[in-house]
Amino acid sequence: MLQPFELFKPVYLERLIKMNKKYLVSQSYTRGIDHFSEAERINILVSDYDDLNYASVHYNAVKKDKYASIIHLDNPNHRNKLDEMLHGDKYIVYWCIVKSTEELEKRLDLKYKDHIRRYIKKSTKWRIGSDETIKPKFEVVFGELFLTIRYSNEKIRVKFDEIEKS
């Protein structure tokens with residue numbers, strides 16, 4: 001399972017505040033699960049926002065999630081809870097930021113090229129020749145990975161889970 005996001009480090013807090021991104025939306029993150037780890041930790045994904053309205057839209061999309069919340073970085077209680085999560089043994093916190101887009105696209109091309117072709121063959125009417133190249137792009141929507149695939153004048157957006165299953 002592909003896990004493209006950065007681990008959230010305490011040093012990022014001050015940077016986010018300086019950039020006026022003082023709202024974090026938290027949610028469960030299944031892609032962070034390490035199946036070989038003996039310690040069971042709760043994987044959380046946080047997305048940053050500079051506007052409470054946008055954070056609220058994201059929160060409303062995931063509010064049924066047990067770990068969904070809006071963390072206000074200027075609220076001392078929220079900051080303390082986040083510090084506790086970052087320094088304790090109960091949680092692993094990921095930030096909805098990709099380390100390297102080029103590296104991610106390279107990995108996508110190497111490992112998932114056949115998955116993408118199978119998905120296209122099974123789920124679309126596109127008939128792509130073996131000599132043709134597909135250049136999908138990643139998108140993140142409310143903490144969920146999607147691929148946008150274009151062919152000719154058509155475009156589809158599909159959850160990356162569907163690609164991995166193909």
Side-chain angles (χ1 to χ4, degrees), residues 1-9 12-13 15-16 19-37 40-73 78 81-82 85-86 90-126 128 134-151 154-166:
M1 185 180 291
L2 180 68
Q3 193 302 99
F5 297 129
E6 184 83 28
L7 279 173
F8 194 91
K9 298 174 186 164
Y12 298 149
L13 290 173
R15 291 181 192 164
L16 286 170
M19 294 186 318
N20 202 31
K21 294 188 176 245
K22 52 187 173 183
Y23 306 106
L24 299 178
V25 176
S26 66
Q27 65 192 89
S28 300
Y29 184 54
T30 56
R31 291 188 171 276
I33 295 172
D34 181 357
H35 297 284
F36 299 106
S37 175
E40 284 198 34
R41 295 174 76 185
I42 299 165
N43 294 280
I44 302 292
L45 180 67
V46 294
S47 303
D48 59 272
Y49 293 92
D50 58 2
D51 185 309
L52 182 57
N53 292 323
Y54 291 133
S56 297
V57 169
H58 182 156
Y59 171 74
N60 285 329
V62 298
K63 69 181 173 188
K64 290 183 180 174
D65 183 323
K66 177 178 178 178
Y67 297 102
S69 68
I70 298 178
I71 300 167
H72 296 251
L73 294 180
H78 289 204
K81 178 62 179 174
L82 184 58
M85 291 169 66
L86 294 173
K90 187 175 180 180
Y91 299 96
I92 298 177
V93 182
Y94 294 88
W95 187 15
C96 196
I97 296 290
V98 175
K99 297 175 196 176
S100 164
T101 313
E102 295 87 30
E103 186 181 314
L104 182 59
E105 288 175 1
K106 201 181 297 181
R107 185 191 273 170
L108 181 66
D109 191 44
L110 288 172
K111 188 170 181 187
Y112 294 99
K113 179 172 48 179
D114 292 336
H115 291 260
I116 294 167
R117 286 193 176 270
R118 278 193 298 271
Y119 179 84
I120 289 170
K121 188 174 183 178
K122 180 181 74 175
S123 304
T124 72
K125 294 182 181 182
W126 302 352
I128 300 172
I134 304 165
K135 288 290 182 191
K137 297 287 182 202
F138 268 107
E139 286 183 60
V140 180
V141 180
F142 301 135
E144 187 75 44
L145 284 176
F146 284 86
L147 271 188
T148 299
I149 307 169
R150 295 176 188 270
Y151 179 68
E154 295 186 57
K155 174 178 131 178
I156 59 171
R157 186 169 80 176
V158 60
K159 277 188 172 183
F160 191 70
D161 290 347
E162 295 299 314
I163 299 295
E164 285 181 315
K165 292 175 190 173
S166 292

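The first residue of the sequence shown is numbered 1, and numbering continues consecutively from there.
- Below 30°, between 30° and 60°, or above 60°: for Y151 and W126 the angle between ring planes is between 30° and 60°, a tilted geometry.
- At distances below 3.5 Å, at least one donor-acceptor pair connects side-chain atoms of N60 with backbone N or O atoms of S56.
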Open item on the list: side-chain contact (heavy atoms from CB on, under 4.5 Å), that's the test. Do H58 and Q27 meet it? Break it down for me.
Closed with: CA-CA 10 Å; H58 182 156; Q27 65 192 89; 2.7 Å; yes
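- The shortest side-chain heavy-atom distance between Y23 and H72 falls under the 4.5 Å cut-off.
- I44 and Y29 get closest at one heavy-atom pair: C-CB, 3.9 Å.
- Taking all atoms of both residues into account, the shortest heavy-atom contact from C96 to G143 is SG-CA, 4.4 Å.
- Between the CG atom of L2 and the NE2 atom of H115 there is a distance of 11.0 Å, given to the nearest 0.5 Å.
- Under a cut-off of 6.0 angstrom, the local environment of CZ in R118 is crowded, with over 12 non-hydrogen atoms contributed by other residues, nucleotides or ligands.
- With a 4.5 Å cut-off on side-chain heavy atoms, L145 and R31 count as touching.
- You'll find the side chain of V98 reaches within 4.5 Å of the side chain of F5, heavy atoms only.
- With rounding to the nearest 0.5 Å, the separation of CG in L104 from CD in E102 is 10.0 Å.
- Checking I163, I134, I156 one by one against L147, the side chain to side chain contact (heavy atoms under 4.5 Å, CB included) holds for a single residue, I163.
- I97 has its side chain within reach of D48: a pair of non-hydrogen atoms, C-beta onward, lies under 4.5 Å apart.
- The distance from the NZ atom of K22 to the CG atom of L24 is 12.5 Å, given to the nearest 0.5 Å.
- For the pair P136 and L108, the tightest heavy-atom approach, listed with the atom from each and the gap, is CG-CD2, 3.6 Å.
- Residue K81 holds its NZ atom at 11.0 Å from CG of L86, rounded to the nearest 0.5 Å.
- Contact annotation: the side chain of E105 approaches that of K137 to within less than 4.5 Å [non-hydrogen atoms, C-beta and beyond].
- Side chain of R41 to backbone of I92: no donor-acceptor contact under 3.5 angstrom is found.
- Residues K121 and D114 are not paired through a salt bridge, judged by the lack of any N-O separation under 4.0 Å between the basic side chain and the carboxylate.
- Contact between S26 and I71 at its shortest, heavy atoms only, is CB-CD1, 4.2 Å.
- Using a 4.0 Å cut-off between charged side-chain N and carboxylate O, K125 and E154 make no salt bridge.
- Side-chain contact between D50 and M19: absent, with no pair of heavy atoms (C-beta onward) separated by less than 4.5 Å.
- Between the CG atom in L45 and the OG atom in S28 there is a gap of 9.5 Å [rounded to 0.5 Å].
- Ring geometry, F160 versus F138: the interplanar angle falls from 30° to 60°, so the pair is classed tilted.
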- [ ] Go through the steps to decide whether V62 and Y67 satisfy the test side-chain contact (heavy atoms from CB on, under 4.5 Å), and finish with yes or no.
- [x] CA-CA 9 Å; V62 298; Y67 297 102; over 6 Å; no
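- Side-chain atoms of R150 never come within 3.5 Å of backbone atoms of K135 as a donor-acceptor pair (strictly under, hydrogens ignored).
- Of the possible donor and acceptor atoms, none in the side chain of E162 sits under 3.5 Å from a partner among the backbone N and O of E164.
- Atoms CD and CH2, from E6 and W95 in turn, are 7.5 Å apart once rounded to the nearest 0.5 Å.
- Side-chain contact between D51 and Y49 is absent, with no heavy-atom pair separated by less than 4.5 Å.
- For the pair K113/I116, no side-chain contact is recorded, criterion being any heavy-atom separation below 4.5 Å from C-beta on.
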Task: side-chain contact (heavy atoms from CB on, under 4.5 Å) between I42 and M85, worked out - done: CA-CA 10 Å; I42 299 165; M85 291 169 66; over 6 Å; no
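- Using bins of under 30°, 30° to 60° and over 60° for the plane-to-plane angle, the ring pair F8/Y12 lands in the perpendicular bin.
- Atom CD of E103 sits in a sparse spot, with 12 or fewer heavy atoms from other residues, nucleotides or ligands closer than 6.0 Å.
- For H78 (side chain) and L73 (main-chain N/O), no donor-acceptor pair under 3.5 Å exists by modelled atom type.
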